[in-house]
Amino acid sequence: MGGRDMGHQANSSQKRIALIDGNNFYVSCERVMQPRLVGRPVIVLSNNDGCAISRSDEAKAMGIKMGAPLHEFRSLIRNGNLEALSANFALYGDLSERMMRVLGQFSPRQEIYSIDESFLDLTGIAGTGRQIGTDIRQRVARWTGIPTCVGIGPSKTLAKLANHLAKKVPRLQGVCDLTGLPQEKLLKILGHIPVDEVWGVGRRLAPRLAGLGISTAAHLASANPGWIRKCFSVTLANTVRELQGISCLDLQDIAEPRQQIIHSRSFGAAVRQFSDLAQAVSMFACQAAAKLRIQQSTAAAIQVSIFYRNNPWSITHQRHAILDLVPATDSTTILADTASKCLRSIFEPGYDYIKAGVRLLDICPKHPDCAQQLELDFDSAQTESAAQARLADTALMRTLDQINARFGDGTLMPASSSHRADAPWLMRQKSKSSNFTTNWKELALVHC
DNA sequence: TCTGGGGTCCTAGGACCC
DNA sequence: TCTGGGGTCCTAGGACCC
């Protein structure tokens, strides 16, 4: 009986969760630094300038779809009717951090969900949802220049839906609060939302649900969670409860370290030479290692994948290899070396390689007392020198990270990943904006 | 011709154990 | 020839998210 708990929840002990996200986030970041883009149709392209991954409202109005490939709108760009920018993730990451810091001022409990989204627990915080939401939007806009929408609900899933409405319904002025509504009123609102707009219902589930007569968020909210559990999964059963106002998904306000770290890229052009592939893989290993050190972890295994085609028209195939790292490590040099060993074991000449990736696995925190597997080694002198080598390596990596943080990624790297500026595997980025906020050389100058 | 990259969680099935 | 039941761990694959 889905309705059993619903009346019970609709009281003042209800949670109040907000979801705030940046509107067209990447485009908005570009506009903060380049005001001439405001009011114009603008898109931001994926790596390699492949397809659209962020669109301004004006670009959406022109019918440009999310993920649409560049060649579909080349002529629009040529004629000056559309501005297309290469992705500048250093800029987006930096503006994201600023936005998240501002949001954190509104609640002691914050979950940073993605680069442009944050949940806040507003339970027990003074003010109506509308008042707080309006304050949030104004402060973020004033302090970072990023436009946002705010959705509020008794569960994360309803906060997500509220955020969706805040964007879609102009009358709401960017803030939608679904807490404290009578059941009939809430169901009436959910009745206008297609089921695939619900968080957790994707392309595959939506048609299956529709086949069972569940085509709106209201239908799903009225379903029996036990039955959904049987026919689908616990995840979707939780979604049903969340839609009923029963909070099942906790706010994860303490960031868990990543369980795996991936760095992979499609190449700007196909490569055939082992040396090119080796440079790319070494470089990707360095970048993955840097991410690993940021979260102060070590990896106990590394996987290298390479993607190739038999001929330009064939489908993509892949090969991969995994090697264990004993002891677990966060060292760029060891990770890059091991990645090269993986690559050597799977490389075969004669193919067009179009992409490669490095994945760090079996990640655990880098504590001196962390139960890491040590090498079996009965020669204590050797063990000691290995320990000293590790200490020296840690110091070296700290220096490397500091230099790269100050002078830009890639300033310092192992010789194995050094390459020419026109290496074929480097990604294509024809129209990237400057690193206005993260590189001294490209700092934005504001004329007052 | 041209279509990204980086994550998480769940489930089913096989290996293995007692 | 007979041939249980229950548990854990691991992995691959599916589905979802931004």
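Letters A, B, ... mirror the listed sequences (proteins, then strands); counts begin at 1. Heavy-atom basis, side chains included; hydrogens, waters and symmetry copies ignored. Computed from a prediction, not measured in an experiment: that's the story for all the values here.
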Participant: Please give the nucleotide sitting opposite B:dA15 as a Watson-Crick or G-U wobble pair, both distances under 3.5 Å, or none.
Facilitator: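 Result: C:dT8.
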Participant: Give the nucleotide from the list B:dT3, B:dT11, B:dT8 with an atom nearest to the side chain of A:C51.
Facilitator: B:dT3
Participant: Of the candidate nucleotides B:dT11, B:dG6, B:dG4, which contains the atom at the shortest distance from the side chain of A:V234?
Facilitator: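 Among B:dT11, B:dG6, B:dG4, the one nearest the side chain of A:V234 is B:dT11.
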Participant: Could you state the CD1-P distance from A:I228 to C:dC16, rounded to the nearest angstrom?
Facilitator: 14 Å
Participant: To the nearest Å, how far apart are A:F89 CZ and B:dG5 C1'?
Facilitator: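 Whole-Å distance recorded here is 7 Å.
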Participant: What integer distance in Å separates A:H71:NE2 from B:dT1:P?
Facilitator: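 Going from A:H71 (NE2) to B:dT1 (P), I get 9 Å.
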Participant: What's the closest nucleotide to the A:T235 side chain, out of B:dC10, B:dT11, B:dG5?
Facilitator: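 Ranking B:dC10, B:dT11, B:dG5 by closest atom to the A:T235 side chain puts B:dC10 first.
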Participant: For the side chain of A:Q259, starting at C-beta, report the closest nucleotide among B:dT8, C:dC18, B:dT3.
Facilitator: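 Minimum distance to the A:Q259 side chain belongs to B:dT8.
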Participant: B:dG5 P sits how many Å from A:F307 CZ, rounded?
Facilitator: 9 Å
Participant: Any base atoms under 4.0 Å from A:L205, or only sugar-phosphate, or nothing? Heavy atoms, all strands.
Facilitator: sugar-phosphate
Participant: Looking at every strand, decide which applies to A:R359 at a 4.0 Å heavy-atom threshold: base, sugar-phosphate, or nothing.
Facilitator: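 Result for A:R359 = nothing.
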Participant: How many whole angstroms separate atom CD of A:Q260 from atom C1' of B:dG5?
Facilitator: 13 Å
Participant: Let's see if you can work this out: which of B:dG6, B:dG4, C:dC17 has an atom nearest to the side-chain heavy atoms of A:S266?
Facilitator: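 Of B:dG6, B:dG4, C:dC17, B:dG4 is nearest to the side chain of A:S266.
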Participant: Rounded to the nearest angstrom, tell me the gap between atom CD1 in A:I43 and atom P in B:dC2.
Facilitator: 18 Å
Participant: Give A:N48 one of three labels, base, sugar-phosphate or nothing, depending on what nucleic acid heavy atoms sit under 4.0 Å from its own.
Facilitator: nothing
Participant: Heavy atoms only, 4.0 Å cut-off, all strands: where does A:D49 land among base, sugar-phosphate and nothing?
Facilitator: nothing
Participant: Taking any heavy-atom pair under 4.0 Å as a contact, classify A:E72: base, sugar-phosphate, or nothing.
Facilitator: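 Touches nothing.
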